[in-house]
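Have a look at the structure below before the remarks.
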Amino acid sequence: MMKKNILSRRKVKTPQSFAFSEEKLVADILQEAKLLHLPQSTAELIANKVVACVAKWASKRTVVTVDDINRRVALEAAKYNADLAYVYQNRGKII
């Protein structure tokens, strides 16, 4: 009986959904580019190209996760700036 009471009190985490926002993604990329001291015009150009490719890729999928988007952003950013791709892929981690 004791085990049953303990199990019934546990809260189950439900996955949080989010809406893909191109503006937020551009802002995130620009923030990472600023940390790398990339020129503003270069960073904006890279961010716009990367977001356009990621948005096109995401529109073809029914479900994508945040990790999927982060991996895709890093993949696309690597075409323009390897350092930016590395930092974006490893953000939130100790480098």
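Values below: every heavy atom of this structure, side chains too, minus hydrogens, waters and symmetry copies. Just so it is clear, the model here is predicted, and its values are computed rather than measured.
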Can you measure from CG (Asp68) to CH2 (Trp57) and round to the nearest 0.5 angstrom?
5.0 Å
For the CD atom of Glu22 and the CG atom of Asn48, what is their distance to the nearest 0.5 Å?
9.5 Å
Validation row: Tyr86, Asn90 side chains within 4.5 angstrom (heavy atoms):
yes
Checking side chain to side chain contact (heavy atoms under 4.5 Å, CB included) between Val50 and each of Val73, Leu75, Leu84, Leu45, which is the one that passes?
Val73
Can you give the donor-acceptor pairs under 3.5 Å from side chains of residues 23-41 to other protein atoms, not counting sequence neighbours?
| residue | atom | partner | partner atom | Å |
| --- | --- | --- | --- | --- |
| Glu23 | OE1 | Ser21 | OG | 3.4 |
| Lys24 | NZ | Asp28 | OD2 | 3.4 |
| Gln40 | NE2 | Glu44 | OE2 | 2.8 |

